[in-house]
Amino acid sequence: MAAGSPTDPTGRLVTLRRKVQLTIDGATLSVSEGSTILDAAKSLGIDTPTLCFAQNLTPANACRVCVVELEGARTLVPSCARRVEPGMVVHTDSARVRDARRTVLELLASSVDMSATPKFAEWCERYGARPTRFGTPTPRPVVDDNALFVRDYAKCMLCYKCVEACGDDAQHTFAIAVAGRGAHATIATELDTPLPDSACVFCGNCVGVCPTGALQFRAEHELREADAWDESRQSQIDTICPYCGVGCSLTLHVQDERIVKVTSPVGSEVTHGHLCVKGRFGFEYLGKR
Amino acid sequence: MFGAGGGTSSYREVGETDVVLLWGSNARETHPIFFHHVLRAIDRGARLYVIDPRKTPSTAWATRHLAPHVGTDIELAHAVAHVLIHEGLVDETFIRRATAGFEDFKASVERWTPEAAEAATSVPAALIREMARDFGRADRAMICWTLGITEHHDAVDNVLSLINLALLTGHVGKWGSGVNPLRGQNNVQGGGDAGALPHKLPGFQDVEDDEIRARYERAWGATIPPKKGWHLTDQLHAMERRELRALYCLGENPAQSEADAHRVRKLLRELDHLVVQDLFLTKTAELAHVVLPAAASLGESEGTVTNSERRVQRLRRAVPPPMGARDDIWIIAELSKRLGHDLGTTHAEAIWDEMRALSPMHRGMSYARLEALGGIQWPCPDETHPGTPFLHDRLWAEPRVGPPAPFHVVHPEPPVEALTPEYPLRLTTGRRLSDYNTGVQSGAFASPLRRALETIDLAPQDLVRFGVREGERVRVRSRRGAVEAPVRADPRLPAGLAFMTLHRPEQVDTNLLTIEATDPRAGTAEFKAAAICIERLDVPLQSEPGE
Amino acid sequence: MDLKSIDALPTDDEREAIERVLATQPEPTRDLLLPVLRAIQARVGFVSKGALAHACDRLQVPPAEAWGIATFYHLIATRPAPRTVLHVCDDVACRARGSERITKALASRFAPEAAAHHDACWKRSPCLGQCERAPAALRIRAGEPVEERALGGLDAVSAMDALRGETIAVPAPASIQQPRDSLRLLARVGVVDPESLDDYRAHGGYAALRRAHELGASWVLREVSDAKLLGRGGAGFPAGRKWGAVASQPARPRYVVCNADESEPGTFKDRVLMEGDPFAIVEAITLAAFAVSAERAFVYVRGEYPLAAARLEHAIASARRRGLLGESVMGHAQRLEIEVRRGAGAYICGEETALLESLEGRRGEPRAKPPFPVEQGLFGKPTLVNNVETLAAALLIVRDGAPAFTALGTPESSGTRLFCLSGDVTRPGVYEVPMGLTLRALIALAGGATHGLAGVLLGGAAGTFVGPDELDLKLTFEDTRRAGATLGSGVVIVFREGTDFRAVVHGLAGFFRHESCGQCVPCRVGTTKVDDLLARVRAGTPDGTWDDERDRLRELGHVLREASICGLGQAAASALESATQRFAIWPAAMPTPTPTPSNGGKA
Ligand SMILES: Cc1cc2nc3c(=O)[nH]c(=O)nc-3n(C[C@H](O)[C@H](O)[C@H](O)COP(=O)(O)O)c2cc1C
Ligand code: SF4
Ligand code: SF4
Ligand code: SF4
Ligand code: FES
Ligand code: FES
């Protein structure tokens with residue numbers, strides 16, 4: 001959850017955060033206390049791959065594709081979760097880092113269908129990762145148990161984001177959790193109950209945060225199955241939910257004059273990127289006139 | 001409030017407050033993303049009090065749930081005030097500096113000891129005390145409410161009784177404290193902003209103030225009737241008196257959404273001319289002489305809406321409307337033209353700029369800024385102003401700036417319709433998570449949460465009391481009409497209280513039952529408190545009121 | 001919370017088992033989830049839908065989360081299972097002692113996990129912490145009361161009998177095999193009656209706590225610090241620094257957690273202490289809690305240690321009855337309650353932050369550090385986590401003073417230390433020796449190798465192999481660190497000549513694959529890939545050339561070590577890497593560098 005900035009008693013935002021000085025790839029910079037190494041690197045224009053990190057969720061720390069070298073630390077550290085400390089010396093592109101990132105990408109590609117993950121191919125190229133080096137993922141059947149979205153866990157890399165979005169980072173419904181252990185870990189409802197019989201309230205916030213396309217809204221899933229999903233033909237238009245008076249920001253993803261997906265901007269002060277079932281799925285009346 | 005017509009706080013403050021009184025609201029289901037902010041507060045250790053006759057998903061998150069009888073909110077609020085006053089939990093400095101009318105108010109709540117309120121509301125006195133103490137002692141505390149407070153014949157008094165509590169404790173006008181109505185519909189607030197109120201011009205300017213009116217008349221080159229107009233309920237009365245003969249109805253479905261639907265439909269049918277502008281051929285549109293198909297606000301229109309934290313946000317067009325449907329602005333302008341007055345430009349931004357020119361509180365909100373800042377909370381008087389997260393900080397200025405905030409002496413009144421042996425059950429209405437109002441929009445997507453059948457929900461004891469079984473279809477009757485619906489046992493309901501939604505009038509036309517007893521100041525009907533009885537279908541119908 | 005309940009009801013047995021756990025606490029809090037799941041398992045042999053439903057309702061835990069937790073622990077079954085389960089150890093030390101004959105025999109009769117014979121089944125298990133009497137097994141028979149028995153010295157016949165439910169005589173472990181006069185940590189083990197507080201006091205018990213109360217907490221902190229006691233759980237962190245850090249935190253309450261999860265393959269020293277001298281552990285925890293001002297402490301005992309848990313429970317109850325715990329410890333202004341919490345089959349729960357998660361009623365997934373437990377530990381509060389042996393050593397330090405402790409060992413590695421000898425060694429058992437003894441001397445103390453010595457696994461699965469030419473390695477933190485080895489949890493597994501080290505490292509790889517919590521990609525996927533790769537090595541079927549496989553293994557080692565969240569993943573390839581440097585792991589067809597001439601041990 002994006003942490004609230006401190007405020008003075010009259011509510012004026014206080015931006016008196018102390019600054020922390022550190023060095024990244026030879027450049028010295030100052031960032032606000034509480035920032036992460038990832039934030040600091042971003043401010044230098046360094047593009048760090050991330051998968052399990054999202055601005056509106058607590059860092060899950062799980063994918064390790066964002067690791068960097070921190071002088072004095074025994075191992076590499078996850079830049080998305082590690083907060084800056086004065087005097088840190090960080091390397092984001094050393095051989096240690098590149099080797100680790102490359103193998104992480106290869107391990108992912110060997111065990112998960114990453115084909116629908118934005119930027120994954122680009123990262124593989126950047127780090128010289130050969131996706132099939134450690135084998136190929138085993139197929140799994142798509143879980144299709146409700147009208148609104150499908151779950152294709154062959155694409156699940158266990159980033160924990162859906163669990164956090166469904167849980168105490170946003171929705172507080174706790175319909176899904178990680179079950180099993182180690183290589184057998186999966187995202188599941190209790191006893192693998194179908195979603196409509198579970199606690200799920202179909203907010204779609206899990207789908208909204210899924211980085212790999214393991215969770216897909218039905219329209220997207222069907223278009224992809226038909227090989228008709230084409231982001232280059234899509235536009236994204238921000239507007240406001242037509243239902244209750246909370247006034248959530250919606251991003252309508254439109255392909256060929258049809259709404260194919262609804263998300264919410266993570267930076268929205270109203271939604272922090274999360275919606276309820278009506279805002280997420282309640283647009284279909286447009287097409288039913 | 002205090003004349004400004006909007007919630008005083010921002011959502012972000014809700015997440016940072018220490019005590020929340022959620023009064024007459026099941027926000028977890030009806031305002032889910034607002035409730036995310038409440039959850040943030042709870043995760044930080046805030047205490048949530050939910051005041052609702054029913055147990056709901058919201059009460060499940062509450063530190064304490066207070067379940068008063070329907071329509072006894074003022075008694076409860078007065079008792080809270082009583083505790084605050086008698087236990088020295090009021091902010092005397094604030095009261096002295098920033099408010100007026102304290103002594104009269106104090107006298108008016110004197111008889112409402114927690115024990116007296118317990119007798120009236122059924123809420124244990126100890127719980128009332130606990131809530132009052134938490135509210136009074138908190139650094140930051142908020143009161144938020146929805147239709148449970150406003151859908152009553154004494155809606156305005158209900159609201160005033162809550163505002164009194166904020167004034168007693170100084171829980172208004174500062175970060176994290178405030179009084180906030182959660183709007184039921186996406187642009188109730190924006191409609192008000194734009195002057196879609198019988199007594200206001202855009203920007204909440206008083207229509208009966210000659211100077212103000214003159215300013216608008218100059219800008220518009222037209223005369224504005226100097227008297228305030230009718231709100232919906234007034235309009236229905238005027239139809240009854242045959243004073244109002246033609247109606248232009250935009251995006252409303254009164255034939256189904258208004259209380260006492262038999263009566264409303266009859267009145268609509270009897271009009272000389274009814275024009276309905278809507279996305280759908282609604283029940284109201286079916287009664288119309290002319291139907292104007294309109295573009296939807298979602299994805300088909302440009303413009304702005306204002307939410308419950310006074311945030312003005314942009315609507316954008318993403319897809320074309322269906323064949324034949326036109327933009328609301330275009331339709332209105334065209335009508336105007338054909339009626340002989342050319343409004344000139346029909347561009348959404350130009351109209352907004354006109355509004356900004358006339359309404360000081362919107363002045364700084366150019367489209368460019370609205371987009372850059374992700375919406376702006378009014379008031380925003382100029383283009384350097386960041387917008388206003390919370391209202392009324394003037395009340396904390398020393399010495400006070402502007403007029404004092406008045407306490408209001410209000411008196412509890414029971415619901416218009418008393419329970420009688422003939423109509424022994426209280427019917428209250430509400431929403432469920434994945435549905436909305438009469439379902440014309442929300443009904444179109446296949447929600448896995450929607451039940452196959454609309455039901456009348458009763459406490460299990462009432463099933464026994466009326467000798468009906470779960471799932472059995474019964475006749476639900478009020479003094480105004482009757483509907484049939486299957487019974488569902490809901491252990492979350494207290495005995496004597498029945499619950500229905502308005503979501504699927506094609507299945508169960510709940511508004512045939514509800515009472516059109518309206519607060520003259522607010523124009524909202526008492527959806528939350530009709531008296532009904534239920535009858536088994538094997539018992540023959542005695543009389544069929546209405547149609 | 002607006003939880004949605006599971007639509008199922010518990011049986012009377014299940015309900016009763018759950019309620020009995022809840023009755024032990026003032027409020028039904030989330031941290032009771034694991035105890036509740038364990039109680040259900042103990043009563044009926046698996047967690048049914050109805051039982052899960054009732055547990056969730058009573059503890060207000062979302063069902064999906066509870067399911068995630070139940071399926072995390074290997075001793076909790078989430079599908080109907082026979083009442084009797086024989087967990088047969090299939091790990092390094094037992095394999096060295098022929099456990100494969102047992103598992104083969106069992107497998108030829110019954111498919112693992114499926115034998116519906118006599119309402120019983122068997123499962124392969126990672127190390128059960130009974131390595132000194134390998135081959136070992138643990139039989140759990142659900143019911144009221146549950147029967148949990150560690151079995152040792154098994155063969156195919158007795159294992160079959162055990163599975164049939166027959167009572168089989170188990171020789172009590174003769175864990176201590178060295179002259180008693182040199183014993184300090186182990187001095188009372190096998191001497192004192194572990195169920196008698198009076199006997200414990202007669203053998204010097206509670207002298208240390210009395211002294212601590214007399215001299216005060218800051219004296220205790222200084223003494224532990226001066227003794228330069230290094231943690232015995234594996235990481236070797238200075239105990240004095242940790243104690244001081246907790247004591248100086250502003251936040252309250254504070255907690256002490258005794259890490260008795262002991263699951264590192266080949267480790268059983270903590271079990272010997274807890275079973276043989278449980279009051280000492282209770283006193284040691286009381287002492288630590290006094291030093292850091294904690295009023296609540298937990299001992300997290302691995303699920304496979306029924307006897308240790310029972311002895312500790314008994315000791316705690318006796319101590320409380322006698323005013324040695326509770327509102328006023330020994331009449332002094334110290335308040336303390338200690339609770340035993342049992343694990344449920346997860347090696348990772350020995351990692352301190354995973355342990356804390358598990359104690360809080362969550363999946364045992366390690367947390368990111370920082371923040372460290374000393375700042376934000378159990379329930380987010382400052383927490384002292386120490387290994388059983390570390391605490392026992394602290395007790396000695398306070399009783400005898402820091403100088404007596406530092407008089408033994410080396411300047412950097414002070415005191416004595418427990419080593420767990422197993423495998424092909426004449427007298428397997430726990431040995432207490434001053435730090436600095438050579439590996440050779442230690443093995444000699446245990447009677448030497450039984451069939452020649454091809455190598456030693458030092459430190460456990462997360463440790464390193466040592467070759468026969470490196471036995472002069474001094475057993476200290478500094479010497480092992482210099483040699484690129486580790487003492488780990490004091491494991492010394494001896495392998496005979498002719499050992500198939502490919503099979504051994506493949507077994508280790510299987511262990512890590514099985515025990516990875518699954519949270520982070522390098523470990524979850526990497527341990528699987530290492531295991532697959534070793535299977536190919538054993539089968540002689542490389543994916544590409546052996547050089548490709550070597551590259552893969554090197555990169556897997558790198559990513560595991562560098563990018564895993566916790567020590568499990570970080571160390572998952574270390575033993576394997578040390579083995580490839582010493583033994584013929586790679587098929588002969590490929591050029592292997594000659595076994596490294598002891599650059600480690602003698603450096
Ligand atoms: C995978 C893994 C398993 C561990 N298992 C244990 C264990 O069973 N017992 C233990 O005391 N420490 C274990 N540790 C070490 C603990 O994390 C922690 O360092 C130790 O409990 C601290 O106590 P000490 O300072 O007294 O050694 C383990 C560490 C890892 C990474
Ligand atoms: S749709 Fe919402 S409630 Fe359902 S699993 Fe996803 S996040 Fe949870
Ligand atoms: S389903 Fe998606 S969001 Fe959830 S863990 Fe898998 S990859 Fe992450
Ligand atoms: S290294 Fe392994 S055991 Fe440790 S957190 Fe990662 S997956 Fe879990
Ligand atoms: S993005 Fe940092 S660990 Fe996944
Ligand atoms: S008990 Fe079998 S290896 Fe330890």
Side-chain angles (χ1 to χ4, degrees), chain A residues 1 4 7-13 145-148 168 170-172 194-196 200-203 218 235-250 252-254 257-259 264-265 267-272 274-279 281-289, chain B residues 10-13 15-16 30-34 36 39-40 43 61 174-176 182-189 279-280 293 296-300 305-309 311 313-320 322 325 374-375 389-390 393 396 433-434 436 440-449:
Chain A
M1 175 64 60
T7 46
D8 74 11
T10 62
R12 306 280 178 253
L13 303 187
D145 60 6
N146 72 84
L148 302 178
D168 54 16
Q171 183 52 32
H172 289 71
L195 278 182
C200 175
V201 293
F202 295 95
C203 60
R218 180 161 296 283
S235 50
Q236 299 187 5
I237 296 109
D238 287 355
T239 189
I240 302 301
C241 173
Y243 291 100
C244 81
V246 178
C248 294
S249 322
L250 306 182
L252 307 179
H253 300 240
V254 176
E257 301 194 339
R258 174 181 164 210
I259 299 174
S264 181
S268 160
E269 286 222 26
V270 175
T271 66
H272 297 291
H274 305 297
L275 296 171
C276 85
V277 61
K278 296 187 290 291
F281 297 105
F283 60 87
E284 286 189 16
Y285 66 91
L286 291 182
K288 299 204 172 159
R289 284 181 290 165
Chain B
S10 47
Y11 300 156
R12 171 143 170 223
E13 293 167 65
E16 295 178 15
T30 60
H31 296 81
I33 300 300
F34 168 80
H36 280 193
L39 289 167
R40 264 199 301 136
D43 287 348
W61 283 98
K174 58 181 184 179
W175 182 264
L182 306 175
R183 304 306 190 180
Q185 295 163 28
N186 92 323
N187 203 26
V188 170
Q189 185 67 54
L279 312 187
F280 299 97
S297 78
L298 174 67
E300 295 176 359
V305 287
T306 311
N307 72 3
S308 299
E309 57 167 1
R311 185 183 295 273
Q313 306 185 92
R314 284 274 285 112
L315 289 181
R316 289 184 193 76
R317 184 165 168 161
V319 290
F390 63 91
D393 60 348
W396 289 89
L433 172 59
S434 75
Y436 179 73
V440 288
Q441 288 159 290
S442 57
F445 79 102
S447 169
L449 300 170

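Here is how names work: the chains are called A, B, and so on, in the same order as the sequence lines, proteins then strands, and each is numbered from 1. Because the structure is predicted, anything quoted here is derived from the model rather than measured. Scope of the values below: all heavy atoms of this structure, side chains included, with no hydrogens, waters or symmetry mates.
Most heavy-atom pairs under 4.5 Å with chain A, from the set G184(B), S297(B), G176(B): that is G184(B). Options L250(A), D238(A), I259(A) differ in how many heavy-atom pairs under 4.5 Å they form with chain B, and the most are formed by D238(A). Between chain A and the options G443(B), G15(B), P320(B), heavy-atom pairs under 4.5 Å are most frequent for P320(B). Between chain A and the options S10(B), S447(B), S434(B), the largest number of non-hydrogen pairs under 4.5 Å is found for S434(B). Here N186(B) is the residue among N307(B), V305(B), N186(B) with the most heavy-atom pairs under 4.5 Å with chain A. Note on C276(A), G287(A), P242(A), S268(A): by heavy-atom pairs under 4.5 Å with chain B, the leading option is P242(A). Contacts with chain B were tallied for T271(A), L286(A), L275(A), N146(A); L286(A) has the most, counting heavy-atom pairs under 4.5 Å.
Residue C244(A) touches chain B through both its backbone and its side chain, counting heavy-atom pairs closer than 4.5 Å. For Q171(A), the parts sitting under 4.5 Å from any heavy atom of chain B are the backbone and the side chain alike. Using a 4.5 Å cut-off between heavy atoms, C200(A) touches chain B through its backbone atoms (N, CA, C, O) alone. Of the atoms belonging to L195(A), not a single heavy atom falls under 4.5 Å from chain B. In this structure, chain B has heavy atoms under 4.5 Å from both the backbone and the side chain of V246(A). Within the 4.5 angstrom heavy-atom criterion, only backbone atoms of R258(A) (N, CA, C, O) approach chain B.
The two residues P32(B) and L433(B) have their closest heavy-atom pair at CG-CD1, 3.6 Å. Considering all non-hydrogen atoms of both residues, V270(A) and G247(A) come closest at CG1-O, 3.7 Å.
H274(A) places a side-chain heavy atom less than 4.5 Å from the side chain of H36(B). With contacts defined as side-chain heavy-atom distances shorter than 4.5 Å, the pair L252(A)/T239(A) qualifies.
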